[in-house]
Every structure is written in structure tokens, then in C-alpha cells.
Amino acid sequence: MSPGKVLQPVPKMKVDELFLCWLSQPATQLTLKDCLRRIKNEEKTHIGNGDSANGKNKRFANKSSNSKQCIVGDDTRLPLMSLSPPQLSTTLPLATPASSRNISNARAARRSAGTRVVQPKKEETLPPSLSQNIPTFYFPRGCPKEKVNIDAVIAKIERTFSEFPNERATLEDMGKVAKACGCPLYWKGPLFYCAGGERTGYVSVHKFVAMWRKILQTCYDDAAKFVHLLMNPGCNYLVQEDFIPFLQDVVNSHPGLSFLKEASEFHSRYITTVIQRIFYTVNRSWSGKITCNELRKSNFLQNVALLEEEADINQLTEYFSYEHFYVIYCKFWELDTDHDLYIDRKDLARHNDHAISNRMIERIFSGAVTRGRKAQKDGKISYADFVWFLISEEDKKTPTSIEYWFRCMDLDGDGALSMYELEYFYEEQCQKLDNMAIEPLPFEDCLCQMLDLVKPQYEGKITLHDLKRCKLTNVFFDTFFNIEKYLDHEQKDQFSMLRDGEGESQEVSDWERYAAEEYDILVAEEAASDQWNDGYEAELNPVDHQKANVLKYQMEKRPFFEMPSHLADVDLDEYDYEEDFE
């Protein structure tokens with residue numbers, strides 16, 4: 001304690017101390033027990049007459065004063081505390097015999113009042129719990145609709161199975177069963193495999209009915225049913241491998257892919273491409289696991305239903321288009337010069353004539369947007385990663401592509417693009433412009449343009465939300481890491497760019513436009529090459545025969561999800577592109 005500082009008494013501490021002393025007295029405990037007994041017996045509580053109360057309080061006051069003297073005398077921590085009788089009577093009214101009658105009556109009144117408050121509560125009935133009045137609002141397996149007559153559905157399925165020998169359905173027969181279940185045609189593969197058909201080659205009526213009855217009782221919408229059919233036991237989500245049997249059945253049975261029947265070694269690459277496009281669009285959480293909720297919010301199941309109605313697979317441009325796959329595959333093959341089924345930094349740098357900056361390529365290989373630890377360790381990316389890259393590069397307006405490039409530009413991972421990070425990427429753009437004898441725009445002026453373009457909510461940083469609100473995100477991203485497209489934007493009229501950005505309801509996306517143009521170029525090149533070499537009818541091959549032999553040799557040594565052999569030889573007549581060559 002500093003010299004000259006005097007200890008000050010704490011009245012509350014002393015009051016609490018004396019109250020505990022009073023509460024421990026036998027007379028006090030007897031009085032409290034008697035009051036509690038009367039309350040339980042629903043009797044009115046009285047604490048005797050005034051004389052008895054006064055006598056009791058006198059006895060308590062004497063004992064309390066004695067105990068107070070003992071307490072104060074034993075307390076060596078407060079030697080300077082002085083309690084004068086007036087202060088003590090003011091702080092501790094129970095220690096003054098003259099006021100004991102009033103205090104006793106006041107306490108009795110408080111106890112009786114407490115009794116009156118407690119008593120009605122025991123008589124009143126409690127209202128029902130609030131949780132009983134709140135309707136269920138969370139349905140992870142779909143919202144239950146009106147009562148479904150499960151027995152009628154099962155009876156219809158049994159009638160369908162009765163048409164098959166021994167009431168056993170093969171995979172070819174499952175189309176009728178899917179229709180009996182009220183499902184789209186191409187659910188037949190998942191229905192067949194979920195009922196155990198892959199082990200025996202057929203599904204019995206009893207196994208299928210038991211499986212479908214369980215699904216009807218637990219899953220209430222198409223998304224929950226589809227996830228249940230494809231998922232592994234014990235999971236409530238779908239991973240990439242879960243889609244392989246379903247897509248293999250699509251490849252084997254869809255009329256728009258009939259030309260692939262003779263090129264079985266090529267199926268895996270098409271399936272890989274479709275799976276990556278599914279996760280690119282549906283898996284908005286980037287978790288690698290598609291949940292019921294994500295599937296429910298997407299349009300994937302609608303596209304699966306369209307497989308039955310659309311004979312031309314290329315019309316389903318969001319997931320299943322063969323032409324889109326053809327473009328992606330050919331672009332990857334051009335970069336994969338050593339044909340090790342992976343591409344490194346140097347390979348990717350050659351994309352679009354070195355349009356992507358080296359700093360951005362480093363970020364792509366850093367693991368910010370790729371999966372697969374082995375490939376990252378070796379400094380390479382797989383074909384699956386390239387699918388994500390190419391779609392994001394050619395269409396920078398979709399939510400996934402904006403997230404893709406935002407992850408790459410966010411160097412410190414703080415969820416915002418700082419001015420330092422923007423300058424870091426713009427420096428290399430300036431160097432490329434200098435090498436092209438083009439005077440670059442100073443960073444300060446470029447920054448002002450980009451801030452006016454994006455209109456960030458907070459000063460000094462650009463968030464992902466800001467970019468998703470912007471209608472010209474492609475201009476923003478190309479400015480910092482794609483020199484070719486940056487120059488194209490600079491040559492365009494500003495009003496035309498705004499007009500393109502405002503056309504959100506456009507039927508053809510940037511990716512679809514790019515894929516259509518590239519496909520026409522590739523088809524023309526193949527047709528010209530074949531006509532020059534042998535004069536026969538043009539065939540649709542992504543690589544020449546020498547490359548195809550090398551690729552086929554690679555496929556013999558690699559598992560299912562690796563690079564397939566060359567594309568099947570397909571007549572141009574099947575694609576109705578005769579007018580393009582007239």
C-alpha cells in the first residue's frame with residue numbers, strides 16, 4: 001500500500017458478513033423452517049405477536065452484537081475501521097432493538113407477499129411450450145408433400161416386373177422400371193446399381209421393392225432420391241466417383257453418343273469431363289461433396305430429364321455436350337506435349353500464345369484452385385484441373401469463375417483484393433506491353449478505372465461480393481493477367497462493353513460461344529487435313545494417328561480416370577455440319 005493511503009471500509013462486505021451470521025442462528029433457522037412448512041401446507045404465514053418478535057430480536061441482537069465483536073476483533077486486516085453506533089444502526093437496522101418491531105413486521109409482510117405471489121403460480125396451468133407451435137421448417141431430405149400412396153406405387157412396379165422372365169430385370173429393362181417409379185429414363189442406371197444389380201447382372205422384384213419402399217419413406221423430393229441412389233453407404237453427399245456408373249450408362253445407351261460404342265477406351269475421358277462440369281456448376285461450396293441442398297438448387301436433374309427428350313447430346317450444353325468435351329480435350333492435348341497426362345507451368349504458359357501472365361500461372365499451381373496433393377507436389381495439374389481452368393478462362397462472368405480468379409488474386413487469403421495485390425499482377429502486364437512497344441497506362445490511372453468499374457463497397461479493397469455485383473468482371477480480370485483479352489477490351493467501344501455486360505439474359509454464354517467457335521475451327525482443320533492427305537470423307541479426329549498410338553499406349557498403363565485414347569472416327573454427316581463446308 002502506498003504511504004498516506006487510508007483504507008476505507010466496505011459496508012456491503014460487512015453487511016453480507018453479518019447477514020450470514022444472522023442466517024446461521026438457530027432461532028432464524030427455526031423461523032424459516034416454520035414459514036416454509038406453512039407455505040407447503042398452503043397456510044397463511046404469521047410470525048407471532050410483537051412481544052415475541054421483539055424478544056426474539058432482542059436475543060438475536062445480543063448474540064449478533066457478541067458475534068460482531070468477535071468478528072471485528074478477529075479481523076486484523078482492517079485495523080483502521082471504526083464503526084460508530086449511529087453508522088452501525090443506519091447500516092444494520094436489525095442490530096437496534098428499538099426498531100426490531102418494525103423490521104419484524106416488514107419482513108413478515110414481505111414473506112406473506114411472497115406467499116401470495118407463489119401461491120397462484122401453483123394453481124395456474126403452464127401454457128404449452130413455444131416449440132410446439134413452431135412448424136417444422138428444415139427438411140434435409142425434401143419437404144414431405146401430400147400423402148403418397150406407397151402401396152399403389154409398389155403395385156405398379158410389381159406389375160412391371162411381372163413382364164420380365166422370373167421377375168428379374170436387367171439393366172436394359174430398367175428403363176420401364178424407372179418409368180413405373182415415376183423417375184426420368186436415365187435414372188435406370190442408379191436404380192439398377194443401388195438395388196445390387198452390378199453383382200448378379202439382374203435385379204429381383206423383392207430386392208427392388210424393398211429398396212424403393214425405403215427411399216419413398218425417407219426421401220421426399222428428386223434431389224434426395226438421386227443422392228440416395230448414388231451415394232456410398234453411410235454418406236449423405238456425392239463425390240466424383242459416385243457419378244461414374246450413372247454416366248457410363250448414359251454413354252452406353254444415349255443415341256447421341258452411339259458413335260462412341262466402338263471407342264470404349266475413350267469413355268473415361270468424356271466421363272471425367274462431365275463430372276468436372278457437374279462439380280464446377282453444382283458444388284458451390286468447393287468442398288468436393290455435392291449435398292442434397294446443392295443439387296436441389298442447381299439445374300442438373302432437369303438436364304438429366306432432358307437426356308430422354310433430346311436425341312442430340314450437343315444441345316445439352318451445360319453438362320453433357322460432346323462438342324464442348326471435344327474442344328476441352330483438344331486444347332489439353334495441344335499443351336501436353338510430352339503426353340504424361342499432366343501439364344506443368346511451361347505447358348500451361350503456352351495456352352493462347354502465352355496470354356496468361358506468369359504470376360497468375362504460379363498462383364494456379366500454388367493449390368489455390370486445384371486439388372490433388374500428388375500433382376501439386378510434382379508441380380503439375382491434371383486434366384480435371386484443366387477443365388476448371390479453361391471454362392473459367394473463357395467465361396469470367398459465372399459465379400464459379402469469379403470465385404476461381406478471386407482465389408488466385410487474393411495472395412494473402414484475407415478475403416479481399418488490396419491495392420498491393422492488384423499492382424502485383426499489373427506490373428507484369430506493363431512489362432508485356434513494353435515488350436510489345438505499347439505504352440502502358442500508369443497503375444494509378446488503371447486503378448481509378450477499375451474502381452469505377454467495380455464500385456467496391458469499402459474503400460481500399462475489393463471483395464468477392466463486389467465482383468459478383470459487377471457486370472464486367474471479365475474486363476476486370478483480363479486487365480490484370482490476360483494481355484490478349486486486355487488489348488481486345490481496350491480496342492472496344494466502352495458503350496458496347498456495357499451493352500454486352502447488361503445483357504444478362506443472353507441465351508448464349510461466353511463459354512458456349514467460345515466452344516462453338518473452336519469446334520468449328522477444329523472440324524475445319526481436320527476436314528482439310530484428311531482431304532489433303534487421302535481425299536476420303538472427312539473424319540473427326542482430335543489428333544493424328546501417331547499421337548493416337550502414343551495415347552493408346554499410355555491408356556494401357558493407367559487407371560480409369562486417366563487419359564483415354566484418341567476420339568472415335570465419326571462421320572461429319574452425324575453432326576449435320578455439311579453447310580459449314582459448302
Can you list every salt bridge (Lys or Arg N to Asp or Glu O under 4.0 Å) pair that touches residues 351-361, not counting sequence neighbours?
R359-E427

Counting N and O atoms only, with roles assigned by atom type, does the side chain of E323 sit under 3.5 Å from a partner on the main chain of N314, one being a donor and the other an acceptor?
no

Determine whether V227 and I290 make a side-chain contact, defined as any pair of heavy atoms from C-beta on separated by less than 4.5 Å.
no

Can you tell me which residue pairs pass the salt bridge (Lys or Arg N to Asp or Glu O under 4.0 Å) test with a partner in residues 247-261, sequence neighbours excluded?
K188-D249

Using a strict threshold of under 4.0 Å (side-chain N to carboxylate O), is an ion pair present between D510 and R513?
yes

If you look only at distance, which donor and acceptor atoms sit under 3.5 Å apart when one is on a side chain in residues 201-214 and the other is two or more places apart or in another chain?
| from | atom 1 | to | atom 2 | distance (Å) |
| --- | --- | --- | --- | --- |
| Y202 | OH | R168 | NH1 | 3.4 |
| S204 | OG | K207 | N | 3.4 |

Sequence neighbours left out, what passes ring pair (Phe, Tyr, Trp, His ring centres under 6.0 Å) with F192? Give chain and number order.
none

Interatomic spacing from CG in D410 to CG in D412 - rounded to 0.5 Å:
5.5 Å

Side-chain donor/acceptor of T370 to backbone N/O of S366, under 3.5 Å
no

Taking the side chain as every heavy atom from C-beta outward, state whether W388 and T400 have any atom pair closer than 4.5 Å.
yes

Report yes or no: do Q248 and N252 form a side-chain donor-acceptor pair below 3.5 Å?
yes

Shortest non-hydrogen separation from A515 to V327 and the atoms involved:
O-CG2, 3.5 Å

When you look at E525 and I521, which way does the side chain to side chain contact (heavy atoms under 4.5 Å, CB included) test go after all the steps?
CA-CA 6 Å; E525 290 177 351; I521 294 174; 3.6 Å; yes

Among D336, T273, T272, find the one that has a side-chain hydrogen bond (donor to acceptor under 3.5 Å, both in side chains) with Y383.
T273

Donor + acceptor pair across side chains of Y319, N299 (<3.5 Å):
yes

Do the non-hydrogen side-chain atoms of T281 and F300 ever get within less than 4.5 Å of each other?
no

If you count heavy atoms of other groups shown closer than 6.0 angstrom to OH of Y237, is the number above 12?
no

If we only count heavy atoms from C-beta on, is the N474 to K485 side-chain gap below 4.5 Å?
no

Tell me, do V251 and I271 make a side-chain contact under 4.5 Å, heavy atoms counted?
yes

Has the side chain of N149 got a donor or acceptor atom that lies under 3.5 Å from a matching backbone atom of A152?
yes

Quick one, V387 and F332 - any side-chain contact, counting heavy atoms below 4.5 Å?
no

Electrostatic pair R350:D347 at N-O distance under 4.0 angstrom:
yes

Just by modelled atom types, is the R407 backbone N or O under 3.5 Å from a matching donor or acceptor in the R363 side chain?
yes

Of the non-hydrogen atoms in S392 and Y280, which two are nearest, and what is the gap between them?
OG-OH, 2.9 Å

With sequence neighbours excluded, what pairs up with Y514 under the ring pair (Phe, Tyr, Trp, His ring centres under 6.0 Å) test?
W511

Taking the six-membered ring for Trp, are the ring centroids of W405 and F480 within less than 6.0 Å of each other?
no

Return the minimal non-hydrogen interatomic distance between F406 and I462, and the atom names on each side.
CE1-O, 3.7 Å

Determine yes or no for a side-chain-to-main-chain donor-acceptor pair under 3.5 angstrom, with N283 supplying the side chain and S287 the backbone.
yes

Going from OG1 on T291 to CZ on R296, what distance comes out if it is rounded to the nearest 0.5 angstrom?
8.0 Å

Smallest heavy-atom separation, Y322 atom then Y270 atom, equals CA-CE1, 4.2 Å

Go through the structure and list residues passing ring pair (Phe, Tyr, Trp, His ring centres under 6.0 Å) with F164, not counting sequence neighbours.
F161

Distance, nearest 0.5 Å, that separates CE of M409 from CG of L417:
5.5 Å

Validation row: L185, L307 side chains within 4.5 angstrom (heavy atoms):
no

Does any N or O in the side chain of H324 come within less than 3.5 Å of the main-chain N or O of E512, such that one atom is a donor and the other an acceptor?
no

How many angstroms lie between atom CZ of F320 and atom CZ of F325, to the nearest 0.5 angstrom?
14.5 Å

Dump the intermediate steps for side chain to side chain contact (heavy atoms under 4.5 Å, CB included) on I157 and C181, then the final yes or no.
CA-CA 7 Å; I157 294 174; C181 296; 3.5 Å; yes

Residue pair H228 / C219: nearest heavy atoms and the distance that separates them
CB-SG, 4.0 Å

Can you name the residues that form a side chain to side chain donor-acceptor pair (under 3.5 Å) with D478, not counting sequence neighbours?
K396, H489

Can you name the ring pair (Phe, Tyr, Trp, His ring centres under 6.0 Å) partners of Y186, sequence neighbours left out?
H254

Walk me through it: do L295 and L301 pass the test side chain to side chain contact (heavy atoms under 4.5 Å, CB included)?
CA-CA 8 Å; L295 192 63; L301 293 181; 4.2 Å; yes

Under 3.5 Å, is there a donor-acceptor pair between the E241 and N232 side chains?
no

Residues F386 and I328: closest non-hydrogen pair is CE2-O, 3.7 Å

Less than 4.5 Å apart, side chain to side chain, heavy atoms only: is that true for K297 and N293?
yes

Residues which pass salt bridge (Lys or Arg N to Asp or Glu O under 4.0 Å) with K331, listed by chain and number, not counting sequence neighbours
E518

Where at least one partner belongs to residues 298-322, residue pairs that pass salt bridge (Lys or Arg N to Asp or Glu O under 4.0 Å), sequence neighbours excluded:
K179-E308

Tell me every residue that passes side chain to side chain donor-acceptor pair (under 3.5 Å) with T473, counting only those two or more places apart in sequence or in another chain.
none

For R469 and D466: C-alpha separation, side-chain torsions, deciding distance, then whether salt bridge (Lys or Arg N to Asp or Glu O under 4.0 Å) applies.
CA-CA 5 Å; R469 288 190 296 107; D466 296 329; 3.0 Å; yes

Start with the C-alpha distance between I361 and H351, add both sets of side-chain angles, then the distance that settles side chain to side chain contact (heavy atoms under 4.5 Å, CB included), and finish with yes or no.
CA-CA 11 Å; I361 291 177; H351 173 72; over 6 Å; no

To the nearest 0.5 Å, how far apart are CD1 in I215 and SG in C183?
8.5 Å

With sequence neighbours excluded, residues passing side chain to side chain donor-acceptor pair (under 3.5 Å) with D344:
none

Does either side chain, that of T170 or that of E172, offer a donor lying less than 3.5 Å from an acceptor on the other one?
yes

When you measure from the side chain of Y342 to the backbone of H339, do you find a donor-acceptor pair of N or O atoms at a distance under 3.5 Å?
no

At what distance, to the nearest 0.5 angstrom, does OG1 of T398 lie from NZ of K468?
9.5 Å

Is any side-chain N of the basic residue among K289 and E294 closer than 4.0 Å to the acidic one's carboxylate O?
no

